[in-house]
Amino acid sequence: MNETPSKPPVRVLIVDDHRVLTELLTAALSASGEVAVIESVGTAAEAIDRVGAVQPHVVILDYDLPDGDG
């Protein structure tokens with residue numbers, strides 16, 4: 001049997017101040033099994049603080065945040 005090795009999921013950080021959108025996006029991305037939303041935050045300051053700690057592969061960033069723009 002030829003099994004392909006499983007790849008680790010793409011690690012995603014979501015930055016958006018709309019909690020409902022964040023929850024829906026997390027559910028949609030996680031459904032594939034190929035993406036892991038590792039954290040979501042609501043401000044640019046939180047994103048800057050957390051990106052070094054969680055080391056995402058991808059950041060999905062809202063362009064209009066309460067404390068700045070994307």
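The structure presented is a predicted model; accordingly, all values stated were derived computationally and were not measured. The figures here come from the full heavy-atom set of this structure, side chains too, leaving out hydrogens, waters and symmetry mates.
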Pairs satisfying side-chain hydrogen bond (donor to acceptor under 3.5 Å, both in side chains), at least one member in residues 47-61, at least two apart: E39-R50
Worked verdict on R19 versus S40 for side-chain contact (heavy atoms from CB on, under 4.5 Å): CA-CA 9 Å; R19 183 50 75 205; S40 59; 3.1 Å; yes
Over 12 non-hydrogen atoms of neighbours within 6.0 angstrom of CD in E23: yes
Residue pair V37 / S30: nearest heavy atoms and the distance that separates them: CG2-OG, 4.2 Å
same_hphob_cluster(V35, V58) at 4.5 Å side-chain heavy-atom cutoff: yes
CA sep, side-chain torsions, deciding dist, call: I60, L29, side-chain contact (heavy atoms from CB on, under 4.5 Å): CA-CA 11 Å; I60 298 176; L29 291 171; 3.7 Å; yes
Residue that, paired with D62, satisfies side-chain contact (heavy atoms from CB on, under 4.5 Å) out of D16, V15, I14: D16
Backbone N/O of L65 and side chain of D17: donor-acceptor pair under 3.5 Å: no
Heavy-atom pair of closest approach, residues P9 and G33: CB-O, 4.4 Å
Minimum heavy-atom distance between G42 and P66, given as atom pair plus value: O-CD, 3.6 Å
Single-linkage hydrophobic cluster, 4.5 Å side-chain cutoff, I38 and V10 together: no
